[in-house]
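Working notes, beginning with the structure itself.
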Amino acid sequence: MAMGVTAFPYPALHASHSGTWIAHDGETRAIGRGEAIRIAADTPVVLLNAPLIGQRLGYAELSGLDLLELFAFLKPAQFMVPTPKGLAAVTGLKMPADESAVAPFLLAAAKRLLAIPDGDWPEREGAWTAAQTLFRLRWPWAPLLADRVTRPLAAERWLFSRLPEWEEIAPRPMPRTIALAGNDVQERLARLTGDGRESRPGQRAYAGAAADAFAPRVARESPNLVLAEAGTGIGKTLGYLAPASLWAEQAQGAVWISTYTKALQRQLTYETMRLHPDPAVRKARVVTRKGRENYLCLLNLEDALQGGFAGRAAILAQLVARWAAYTADGDMVGGDLPGWLVTLFRRNGPAALTDRRGECVYAGCPHYRKCFIERAARNSVEADIVIANHALVMVNAARGRETATRPTRYVFDEGHHLFDAADGMFATALTGQEAIELRRWIVGPESGGRGRRRGLAARLSDVASYDEAGGRAIGDAVAAAQALVSDGWLSRLAESSPFGPLEALLGAVRGVVYARAEQAGDAGYGLETEIAEPPPALIEAAGPAAQALDALLRPLVTLGKRLEAVLAGAPDWMDGQARARIEGAIASLGWRAETVAAWLSLLARVGGPADADFVDWLAVDRIEGREFDIGLHRHWLDPTRPFAEVVLKPAHGALVTSATLTAGGDWNTAEARVGAPHLAMPPERFEAASPFDYAAQAEVLIVTDVKRGDQAALANAYARLIEAAGGGTLGLFTAIRRLRGVHAAIADRLARAGLPLHAQHVDPIDTGTLVDIFRDDPHASLLGTDALRDGVDVPGESLRLVVMEGVPWPKPSVLHAARRLAGGGSAYDDRIVRARLAQAFGRLIRSASDRGAFVLLSSAMPSRLLTAFPPGVEIARVPLDTAIARVRQRLSSDARLGHEAAPRPNGLTENARS
């Protein structure tokens with residue numbers, strides 16, 4: 001059906017920090033916020049990113065014909081940058097000249113997208129059925145699609161019948177014992193880098209050192225550990241892929257490459273194209289693994305599609321089902337599901353589509369043979385390279401079900417984050433949220449709860465009927481779980497009316513924390529205090545709570561043993577799927593039993609002796625004064641001890657690498673933060689400095705006249721610096737409240753200058769998409785916190801200025817105080833700050849052609865911390881006016897002439913990509 005822009009039945013609305021416009025019937029006009037809200041409330045409007053436009057209008061419930069939703073329906077498993085520029089790229093339209101031209105452009109883009117079904121449309125299958133369902137759900141786009149998505153001649157297959165099934169394969173043998181030849185490693189590196197690539201002596205030396213991690217192990221529990229610090233531009237990714245891929249081929253084993261950030265995982269996936277150019281071969285030989293909570297659960301999706309979701313959440317379920325039919329791996333977090341899709345639906349349902357509660361029934365699920373999680377696990381067994389993250393590696397080693405195929409070789413990229421990853425993995429938290437999740441897992445739905453959640457009795461009903469002792473253990477566990485926290489617990493504690501021993505304990509914890517930690521002028525965020533010298537009320541509450549947990553632990557342990565006995569007995573009714581389901585239940589029970597045992601150990605600390613290996617404290621977690629969790633916490637003083645025991649000692653070899661492995665300290669510090677002192681053999685060290693000319697490419701400016709605590713002055717400094725740089729600025733903050741304050745003060749001002757400003761914790765957009773938007777527009781700037789200080793790779797013109805609001809001192813928590821005392825006092829703080837500064841500076845120069853400035857808005861920056869920056873970089877303490885003049889001079893178009901990097905695939909420049 002032909003439809004001109006002027007004939008489009010609905011208006012288009014666009015709002016930015018510089019104004020609001022409406023386009024309809026060939027006319028575009030600027031309107032006020034009130035009129036925009038009235039029009040949007042009365043008439044469906046075409047818009048781009050409804051939550052963002054609603055935020056700018058102050059109308060959170062804004063909805064309409066969102067072009068992002070239409071794109072997700074028509075092009076599932078494909079990504080677009082959710083901006084007018086990104087929309088222009090996918091529609092082939094010309095980019096709007098200015099903000100006032102965006103509204104009519106949205107109408108043209110709608111017409112172009114709606115024409116997709118008229119041509120060769122690869123994603124046609126399933127579209128008609130989905131469109132009919134969406135019509136019944138009153139999705140705004142459904143009536144406009146009705147005449148364009150033609151009914152197929154034959155009935156379309158249901159999603160769950162279209163998905164392929166994985167097949168069982170024979171167990172993979174243990175890797176062969178081989179020794180890599182140095183010449184072979186260099187030949188593989190040359191093949192990966194290509195004949196036309198620049199010769200890099202540092203990269204060749206790095207590959208040779210990395211190969212030592214793949215040598216045969218000489219003693220039990222003594223892996224070949226190599227620590228390699230390679231400055232930005234060395235090409236460490238290809239440097240370790242060369243020996244890793246060669247060992248995998250010759251030894252017939254898998255190498256797990258672990259990262260800390262999703263950005264590096266995506267880069268690694270891209271780099272493996274050099275290793276296996278054929279997509280089919282690459283899919284078999286390179287697999288990305290993530291935690292279960294990242295993948296779409298087909299059983300949850302089925303429940304959502306069949307009435308489990310209502311309203312907007314039901315529409316999301318249909319769009320996710322469209323994606324599920326075309327996705328490469330079912331990864332909802334960082335995979336080929338656009339990160340902006342779930343944010344369009346606010347909090348309506350995304351989390352319920354993944355297995356976040358550990359309720360998987362494994363082979364008891366009707367979709368088990370199509371499960372994305374199971375497929376990834378099986379594919380990784382046969383792969384040469386498995387790309388994972390630090391947390392998954394530790395979980396898999398500590399309690400994974402795949403014990404027979406546990407990897408023997410690891411590469412830990414972003415190795416400076418191993419300490420933090422281990423700190424989170426091996427911690428214990430006895431909190432209300434954790435306890436209520438355990439109750440739900442054991443008991444199942446209560447008080448009219450809906451959905452597919454099932455308790456132990458329902459999941460193991462066949463075992464209960466077959467094994468009397470197992471059935472009794474299930475009943476005992478369900479009965480004991482009644483003592484755990486239940487729905488409404490936070491309200492009851494606020495009213496001093498706890499129900500049961502666990503809630504009484506948490507009520508006592510709450511009282512102690514407020515008594516000891518609350519201060520005048522409290523900003524409403526988390527409170528914590530040490531467990532030391534607990535008051536009598538807390539000690540008295542700990543006793544009954546420990547008895548309740550002990551009563552729960554016993555049947556859980558008994559049930560695990562009974563399930564193992566059932567497996568050993570192999571009754572007639574136990575087919576392959578039943579065996580897999582019981583094995584999964586044993587693993588889940590073991591994990592829960594370990595958790596409860598750890599809670600009991602933590603409770604023994606209340607009124608008991610302290611354990612020098614651990615740091616224990618009480619906490620009330622709050623956001624802007626609203627409590628959301630309360631409990632007791634335990635962390636290892638040195639979390640690399642369990643990491644070394646669980647991950648490193650069983651391995652045969654591991655490479656730990658980073659551009660900032662020793663940042664903030666020396667090699668002894670680096671070794672301590674990756675667990676090397678807990679191994680019998682010392683690690684091998686390797687270091688290669690960055691080939692970049694930092695002295696010519698960058699400078700560090702410390703601004704001396706922005707007063708600490710002066711929010712207006714801070715905001716003014718950010719605005720003037722961004723204006724001087726013409727955008728391309730990454731602003732880093734240590735406090736969310738100050739970030740929001742600065743954004744509110746300067747966003748309109750910058751928008752009027754044609755300089756878009758985006759911000760974490762402000763814009764209703766996920767962090768990954770914010771970085772994509774920032775990368776795509778050299779005039780845009782981005783404000784953020786810790787997540788943007790490390791792991792963000794934006795080479796070229798889009799990032800040319802980094803501004804930090806102040807010295808990034810560590811938060812003075814109970815845990816930090818204990819580690820500071822053990823780590824040398826102020827010297828420990830200095831190491832942390834130097835490491836953070838080095839990581840932040842590392843965002844600036846990502847290729848040999850990059851130029852930029854690093855500005856620190858703190859006159860109190862100690863000179864002893866300046867060693868965080870690369871040698872030779874000019875460091876100057878200057879007033880704000882001087883800093884602005886130098887930024888403008890360094891980053892002006894004339895100054896940058898001749899320094900621009902040629903664009904490369906995925907926005908990666910040559911030096912950043914390898």
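Values in this document were obtained by computation on a predicted structure and should not be read as measured data.
- The minimum heavy-atom distance linking D120 with P122 is given by the pair O-CD, 3.5 Å.
- The distance from atom CH2 of W139 to atom OG of S63, rounded to the nearest 0.5 Å, is 13.5 Å.
- Residues L87 and L93 are not in side-chain contact: their nearest non-hydrogen atoms beyond the backbone lie 4.5 Å or more apart.
- Salt bridge annotation for R312-E69: present, with a cationic side-chain nitrogen under 4.0 angstrom from a carboxylate oxygen.
- Rounding to the nearest 0.5 Å gives a distance of 11.5 Å between CH2 of W340 and CG of D772.
- Scanning both residues, S100 and T28, for their nearest heavy atoms gives O-CG2, 3.6 Å.
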task: Applying salt bridge (charged side-chain N to carboxylate O under 4.0 Å, His left out), run through R440 and D487 and close with a yes or a no.
output: CA-CA 10 Å; R440 290 166 179 166; D487 290 334; 2.8 Å; yes
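- Here the CD1-OG1 distance, from I116 to T91, works out to 9.0 Å after rounding to the nearest 0.5 Å.
- Note on E125 versus R157: salt bridge recorded, some NZ/NE/NH1/NH2 to OD/OE distance being below 4.0 Å.
- In this structure, the side chain of R289 does not engage the main chain of A388 through any donor-acceptor pair within 3.5 Å.
- The backbone N or O of A284 sits nowhere less than 3.5 Å from a side-chain atom of N379 that would complete a donor-acceptor pair.
- For the pair V46/L107, a side-chain contact is recorded, criterion being any heavy-atom separation below 4.5 Å from C-beta on.
- The shortest side-chain heavy-atom distance between E302 and L299 falls under the 4.5 Å cut-off.
- Taking a 6.0 Å sphere around CZ of R162, one finds it holds more than 12 heavy atoms contributed by other residues, nucleotides or ligands.
- Here the closest non-hydrogen pair linking S798 and V794 is CB-CG1, 3.7 Å.
- Panel note: side chain T20, backbone S16; no donor-acceptor pair is recorded below 3.5 Å.
- Using a 4.5 Å heavy-atom threshold, the side chains of L268 and T288 count as separate.
- Note that CZ of F73 is 12.0 Å distant from CG of L113, once rounded to the nearest 0.5 Å.
- Atoms CG and CZ, from L114 and R148 in turn, are 5.0 Å apart once rounded to the nearest 0.5 Å.
- Within the 4.5 Å cutoff, the side chain of L341 has no heavy atoms near those of the W323 side chain.
- The neighbour count for K262 NZ, taken as heavy atoms of other residues, nucleotides or ligands under 6.0 Å away, does not exceed 12.
- Judged by distance alone, the side chains of D766 and T769 do bring a donor and an acceptor atom under 3.5 Å apart.
- A donor-acceptor contact shorter than 3.5 Å is absent between the side chain of R375 and the backbone of G330.
- Counting only N and O atoms by type, the side chains of N389 and T259 include no donor and acceptor under 3.5 Å apart.
- For residues 50-60, no residue pair satisfies the side-chain hydrogen bond (donor to acceptor under 3.5 Å, both in side chains) rule, not counting sequence neighbours.
- With a 6.0 Å cutoff to the six-membered ring centre and a 45° limit on the axis angle, R369 counts as a cation-pi contact of W166.
- W21 is listed as a side-chain neighbour of E99, based on a closest heavy-atom distance under 4.5 Å.
- Put simply, OG1 on T150 and CG on D118 are 9.0 Å apart, with the number rounded to the nearest 0.5 Å.
- Ring orientation note: the planes of H367 and W158 are nearly perpendicular, at an angle over 60° on the 30°/60° scale.
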- request: List the steps and the verdict of salt bridge (charged side-chain N to carboxylate O under 4.0 Å, His left out) for K290 and D331.
  value: CA-CA 8 Å; K290 294 184 179 180; D331 178 9; 2.5 Å; yes
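- Here the side chains of L298 and F372 are in contact, with some heavy-atom distance below 4.5 Å.
- For H14 against I53, the heavy-atom pair with the smallest separation is ND1-CD1, 4.5 Å.
- When the options E156, R151, Q318 are evaluated for a side-chain hydrogen bond (donor to acceptor under 3.5 Å, both in side chains) with T129, the one that passes is E156.
- A heavy-atom distance below 4.5 Å is not found between the side chains of I773 and L782.
- F628 pairs by the side chain to side chain contact (heavy atoms under 4.5 Å, CB included) definition with D621, I623, R626, not counting sequence neighbours.
- Checking T767 against Q760 by side-chain atom types alone, a donor-acceptor pair falls below 3.5 Å.
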field: Working for salt bridge (charged side-chain N to carboxylate O under 4.0 Å, His left out), residues E382 and R378
entry: CA-CA 7 Å; E382 291 297 306; R378 281 159 176 78; over 6 Å; no
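- Ring to ring, H758 and H17 are not that close: their centroids are 6.0 angstrom or more apart.
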